[in-house]
Amino acid sequence: MIHFLRHLTAAPVRLLLWLTGFLPVINRLILAQIIWTLTADVDDGCNVIILTANKKGLQPAREKAMEVLEKTHDASAAVSIGMVEAHGCFDPEAAYGWIQKARQLECKNLQKLLKLELLISNDITAVDLEQVIEQILSRNDLTGEYSQAALCAKAALCLMNRDWNSADALADRVLVIEELAWMRMVKWTTASATDDKVLASMQQLKIEKAATKADELFLLSLGKHFLGDIENAKADFKAAVKQGAQLSYEKMAFPGVKEFVYSMKAEFEGSD
């Protein structure tokens with residue numbers, strides 16, 4: 001009953017917060033803080049963490065995250081600030097620190113940490129990528145976002161191992177639900193590996209529709225790298241950079257991508 005009354009009291013403020021999305025005159029952070037104070041709900045606390053990071057910077061966001069984490073004992077707060085640390089600051093060590101804090105506090109919803117662990121697994125040796133993937137896929141209490149990310153990562157591992165059939169099957173599992181340029185790259189790579197030129201051409205057309213030109217070139221260069229076609233991978237990578245391809249932390253976190261980018265860097269430096 002108390003929980004219901006708190007949310008009922010916060011409802012007018014929540015409506016005002018929604019309206020500021022269309023009329024950004026009122027400070028959204030102030031409204032979000034009021035809602036968090038009224039409800040003490042972890043989702044509202046996470047909203048304050050993100051808005052604090054956007055408005056005030058990282059250190060105030062860290063302080064707010066610690067407040068939410070200690071008050072709610074919910075790992076969702078650690079995920080929110082951890083994503084800021086990884087995506088915004090390219091600091092996987094700091095993100096991993098929040099995972100450890102959530103576990104030390106014996107927070108509820110620890111399974112939500114798996115998304116963050118998957119993201120930083122390339123950079124943190126204490127995180128076993130394959131184990132995290134299987135943990136996500138074995139659960140039925142996580143959103144589709146988790147399983148999609150795990151399937152994309154698993155498909156990349158299959159490409160690295162040249163297990164074309166498994167990679168292709170994983171791509172189909174995702175694409176039957178949602179169109180993703182990453183999984184189209186997987187399908188293009190497996191079709192090219194088996195010399196199915198018609199299917200490869202079809203997949204490339206679908207990549208063109210689903211991605212920007214820069215991302216299309218980057219994905220094709222990555223696929224060629226998995227195939228061992230280094231010269232063409234290099235040419236496409238160079239074209240992707242000229243088109244303004246942006247290498248976000250999320251892109252670099254996919255298995256094989258960081259190694260590919262570093263190999264391209266070495267190729268270009270070697271040709272100077």
Side-chain angles (χ1 to χ4, degrees), residues 42 45-46 49-50 53 57-59 61-163 166-167 170 174 182 186 222 225-226 247-263 265-266:
V42 68
C46 289
I49 293 167
I50 301 303
L58 183 58
Q59 189 52 40
R62 285 172 172 163
E63 293 168 5
K64 182 57 65 175
M66 202 65 224
E67 174 194 322
V68 177
L69 199 60
E70 289 178 339
K71 189 167 185 177
T72 64
H73 276 243
D74 193 308
S76 301
V79 175
S80 290
I81 188 63
M83 288 294 180
V84 172
E85 302 275 16
H87 280 296
C89 305
F90 298 92
D91 192 345
E93 291 287 349
Y96 185 59
W98 289 103
I99 291 173
Q100 293 175 303
K101 281 186 178 74
R103 287 183 174 143
Q104 288 164 4
L105 289 170
E106 298 182 343
C107 289
K108 57 191 173 184
N109 290 321
L110 288 174
Q111 74 277 7
K112 291 188 176 181
L113 296 172
L114 289 167
K115 177 169 65 175
L116 185 55
E117 287 186 282
L118 185 64
L119 181 69
I120 64 175
S121 59
N122 261 351
D123 296 302
I124 305 297
T125 55
V127 178
D128 185 320
L129 171 59
E130 293 188 47
Q131 184 179 24
V132 171
I133 289 172
E134 295 311 319
Q135 280 184 282
I136 292 173
L137 296 178
S138 68
R139 303 189 69 99
N140 57 12
D141 58 348
L142 296 170
T143 64
E145 178 186 358
Y146 282 76
S147 57
Q148 183 188 95
L151 290 169
C152 286
K154 190 169 184 176
L157 287 176
C158 290
L159 292 181
M160 291 174 67
N161 294 325
R162 304 177 77 82
D163 184 354
S166 295
L170 289 165
V174 173
W182 173 269
V186 174
L222 179 60
H225 166 75
F226 286 131
L247 297 177
S248 65
Y249 186 83
E250 186 172 14
K251 283 182 184 176
M252 293 287 280
F254 279 112
V257 174
K258 182 183 288 187
E259 294 83 355
F260 163 64
V261 172
Y262 287 168
S263 72
K265 184 171 182 262

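Sequential numbering from 1 along the given sequence is applied to the chain's residues. In this text, all values refer to a predicted model and were calculated from it rather than measured experimentally.
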Side-chain heavy atoms of Tyr96 within contact of Asp123, under 4.5 Å: no
From Asp74 CG over to Asn109 CG, what is the distance, rounded to the nearest 0.5 angstrom? 4.5 Å
State whether Arg103 and Glu117 are salt-bridged, where the test is any N-O pair (Lys NZ or Arg NE/NH1/NH2 against Asp/Glu carboxylate O) under 4.0 Å. yes
What pair of heavy atoms forms the shortest contact from Ile136 to Ala150, and how long is it? CG2-CB, 3.8 Å
Could you state the interatomic distance from NE2 (His225) to CD (Glu259), rounded to the nearest 0.5 Å? 7.5 Å
For the SG atom of Cys107 and the CD atom of Glu70, what is their distance to the nearest 0.5 Å? 9.5 Å
Is any side-chain heavy atom of Ile50 closer than 4.5 Å to a side-chain heavy atom of Ser80? yes
Taken to the nearest 0.5 Å, the spacing of Leu114 CG from Gln131 CD works out to 9.5 Å
Ignoring hydrogens and geometry, is there a side-chain-to-backbone donor-acceptor pair from Asn122 to Ala253 under 3.5 Å? yes
Closest heavy-atom pair, Ile133 versus Ala153, reported as atoms and distance to 0.1 Å, is CD1-CB, 3.8 Å
side-chain contact (heavy atoms from CB on, under 4.5 Å) between Ile120 and Glu85, worked out: CA-CA 10 Å; Ile120 64 175; Glu85 302 275 16; over 6 Å; no
Measure the spacing between CG of Leu247 and NZ of Lys258 and express it to the nearest 0.5 Å. 12.0 Å
Determine whether Val261 and Lys251 satisfy the following criterion, side-chain contact (heavy atoms from CB on, under 4.5 Å), listing intermediate values before the conclusion. CA-CA 11 Å; Val261 172; Lys251 283 182 184 176; over 6 Å; no
Verdict with reasoning, Leu129 to Leu157, per side-chain contact (heavy atoms from CB on, under 4.5 Å): CA-CA 10 Å; Leu129 171 59; Leu157 287 176; 4.0 Å; yes
Does CZ in Phe90 sit with more than 12 non-hydrogen atoms of other residues, nucleotides or ligands closer than 6.0 Å? yes
Could you check whether any side-chain heavy atom of Met252 comes within less than 4.5 Å of a side-chain heavy atom of Phe260, counting everything from C-beta outward? no
Verdict with supporting geometry, Leu69 and Leu105, side-chain contact (heavy atoms from CB on, under 4.5 Å): CA-CA 9 Å; Leu69 199 60; Leu105 289 170; 3.8 Å; yes
Minimum-distance pair of heavy atoms, taken over all atoms of Gln135 and Arg139: O-CG, 3.0 Å
Test item: Tyr249 side-chain N/O and Asp91 main-chain N/O as donor-acceptor pair under 3.5 Å: no
Does any part of the side chain of Ser121, heavy atoms only, come nearer than 4.5 Å to the side chain of Val132, both counted from C-beta? no
Can you name the closest pair of heavy atoms from Leu116 and Ala95 and give their distance? CD2-O, 3.9 Å
Heavy atoms only: give me the nearest Leu119-Glu250 pair and the separation to one decimal. CD1-CA, 4.0 Å
For Gln100, is the CD atom crowded, meaning more than 12 foreign heavy atoms sit under 6.0 Å from it? yes
Taking atom CD as the centre, does Glu63 end up with more than 12 heavy-atom neighbours from other residues, nucleotides or ligands that are less than 6.0 angstrom away? yes
Check Ala102 against Leu110 and note the closest heavy-atom contact, atom names and distance. O-CD2, 3.9 Å
Does CD in Gln59 sit with more than 12 non-hydrogen atoms of other residues, nucleotides or ligands closer than 6.0 Å? yes
